[in-house]
Amino acid sequence: MPYEKLELSTPAPVLSWANHELGKEEAKMAKNVASLPFVFKHVALMPDVHLGKGALVGSVVATKEAVIPAAVGVDIGCGMAAIKTQFTAEQLEGKLKKIRLDIEAEIPVGFNANKDIEKTVANWQRWVDFKDLHGGVQDLQNKAMKQMGSLGGGNHFIEVCVDTENAVWLMLHSGSRNIGNVLAQCHISTAKELAKLAELTLPDLDLAYFVAGTPEFDAYWRDLQWAQNYARYNRDVMMARFKRIVEKYLSGGKSKKPLLEVNCHHNYAEKEVHFGEDVYVTRKGAVRAQQEDYGIIPGSMGAKSFIVKGKGNHDSYCSCSHGAGRLMSRTKAKKQFTIDDLIQQTQGVECRKDDAVLDEIPGAYKPIEQVMANQADLVEIVATLKQVLCVKG
DNA sequence: ATGTAC
């Protein structure tokens, strides 16, 4: 059985690709979402499912004529980018430290932004639409421009990986930075206010929604699509810089065409057709896996990562997991593990090994191999990657 | 996930 139909007695069934029972709070959250009248057909849970805000991380929710802004979340358009380079592992020998230092010098991480706005950023076609975005962000364009091409924090990262055939891959994880966050929060607040005004009885106020055809829905959808595009381009800008750094050391600065390029959101909503109907699909910690779609499923710092190709499984709304999924909270991981554990679990990876990244220790995540086995009906594995260098946000 | 206010 590729998935399990959970016994939650909800109007919409919940199909789970996780091979474990949901925790109490997780089950409640799944139930809340599946009880909403505008949820289409069923809710799909990916094998890395875990607790989120409003909706589960690792869930796919298709809706008719409505969208839940808090289900999309605050990091609109968060996702992954990867390229397969023409370089091989041997060429990296002795270069990793230099590459890492260059990445740290050229790509701002954490709360940092770029000091100058590079041409490719200034020329982005969507800046002309900035004036149409929510009034609450109109003084943030300069900040958004300086943050375009910056990594951010949390679990955002930049990695050099090697696949099982010795090819070098460049990979990164980032989203829509401050601008996406502010836009999301503006609309989440509006949705909650509307729900209160209408005296809606929602199982959770975080499930406040917009109804298609209303000005609030249109405003959210416009900003959502803009922020998703910002996030995608942010990853493109960083990847271009990252590629130049690697080429500086591996091909004397000569530009080499990638053998494959992938850039996918795992936190977003879009219009799609499923079971013959037009629906809004919200993937919160899930990747689109339509037939021939390429996706990226990263493991934790010491684990494997996977480049996948979608199988177009309709029961999952053509989706797959976005990673391994946390096994425990960041707080718990910091209590449970020591720096020695971290050093041991990240052997062979050029990365920081201190307190600041202890919560990203591989032991705090589910085993990615199991997660991949649970979604064999959703994706085929195209490449299996192991990181050799990792810069955390 | 993001900085802002404490």
Side-chain angles (χ1 to χ4, degrees), chain A residues 29 48 50-59 68-81 107-115 130 133-134 136-159 171-192 206 220 223-224 226-235 237-238 264-269 282-287 296 298 300-301 322-326 328-334 352 356-360 364-365 390-393:
Chain A
M29 193 167 269
D48 62 340
H50 60 276
L51 213 55
K53 201 169 157 55
L56 293 163
V57 177
S59 69
I68 308 161
V72 177
V74 288
D75 195 356
I76 294 172
C78 182
M80 298 287 310
I107 301 180
V109 302
F111 290 120
N112 298 316
N114 296 286
K115 288 183 181 65
F130 199 92
L133 301 179
H134 193 285
V137 304
Q138 287 309 314
D139 54 346
L140 293 176
Q141 186 171 349
N142 191 256
K143 183 173 186 172
M145 292 179 92
K146 289 190 166 169
Q147 284 195 336
M148 173 77 83
S150 70
L151 189 69
N155 56 4
H156 290 170
F157 61 79
I158 300 172
E159 282 181 353
M171 192 158 101
L172 60 89
H173 175 211
S174 185
S176 53
R177 311 292 288 103
N178 168 270
I179 188 66
N181 193 302
V182 175
L183 283 169
Q185 308 236 32
C186 287
H187 291 288
I188 291 168
S189 305
T190 305
K192 288 182 179 179
D206 278 322
Y220 176 60
D223 292 359
L224 180 70
W226 188 91
Q228 286 173 189
N229 283 312
Y230 176 99
R232 184 183 296 277
Y233 198 68
N234 177 36
R235 291 190 290 270
V237 170
M238 282 187 282
C264 59
H265 300 314
H266 54 223
N267 221 32
Y268 74 112
T282 298
R283 293 192 179 87
K284 187 187 186 70
V287 177
I296 304 166
S300 58
M301 288 202 295
H322 81 313
R326 289 198 83 87
M328 62 186 77
S329 70
R330 292 179 182 279
T331 325
K332 195 174 170 194
K334 288 200 179 195
R352 282 173 65 181
V357 293
L358 186 52
D359 51 358
E360 286 295 327
Y365 286 87
C390 178
V391 175
K392 285 276 178 198

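In what follows, every chain begins at residue 1, and chains take the letters A, B, ... in the order their sequences are listed. Treat the numbers as computed from the prediction; the structure is a model and nothing was measured.
- Atom pair A:His266:NE2 and B:dA1:P shows a separation of 8 Å (rounding to whole Å applied).
- Remark: A:His50 pairs with no residue by the side-chain hydrogen bond (donor to acceptor under 3.5 Å, both in side chains) rule, at least two apart or across chains.
- Residues satisfying the salt bridge (charged side-chain N to carboxylate O under 4.0 Å, His left out) test with A:Glu360, not counting sequence neighbours, are A:Arg326, A:Arg330, A:Lys392.
- Rounded to whole Å, the distance from CD1 on A:Ile188 to P on B:dA1 is 14 Å.
- The interatomic distance linking A:Asp206 (CG) with B:dA1 (P) rounds to 17 Å, in whole Å.
- Atom pair A:Arg177:CZ and B:dA1:P shows a separation of 11 Å (rounding to whole Å applied).
- Following rounding to the nearest Å, A:Ile179 (CD1) and B:dA1 (C1') show an atom-to-atom distance of 14 Å.
- Every pair passing side chain to side chain donor-acceptor pair (under 3.5 Å) that includes a residue from residues 141-153 of chain A is listed here, sequence neighbours excluded: A:Ser150-A:Arg177.
- Not one N or O on the side chain of A:Asn114 forms a donor-acceptor pair closer than 3.5 Å with the backbone of A:Pro108.
- Judged as a side-chain hydrogen bond (donor to acceptor under 3.5 Å, both in side chains), and not counting sequence neighbours, the contacts of A:Asp206 are A:Lys53, A:Lys192.
- When rounded to the nearest whole Å, the span between CD of A:Gln185 and C1' of B:dT4 equals 12 Å.
- The distance between atom CG of A:Asp139 and atom C1' of B:dT4, rounded to the nearest whole Å, is 15 Å.
- Taking every heavy atom of residues 140-149 of chain A and every atom of DNA chain B, pairs under 4.0 Å involve A:Lys143, A:Gln147, by number.
- The NZ-P distance, from A:Lys284 to B:dA1, rounds to 11 Å in whole Å.
- Remark: A:Asn267 pairs with no residue by the side-chain hydrogen bond (donor to acceptor under 3.5 Å, both in side chains) rule, at least two apart or across chains.
- Within the 4.0 angstrom heavy-atom criterion, base atoms lie near A:Asn181.
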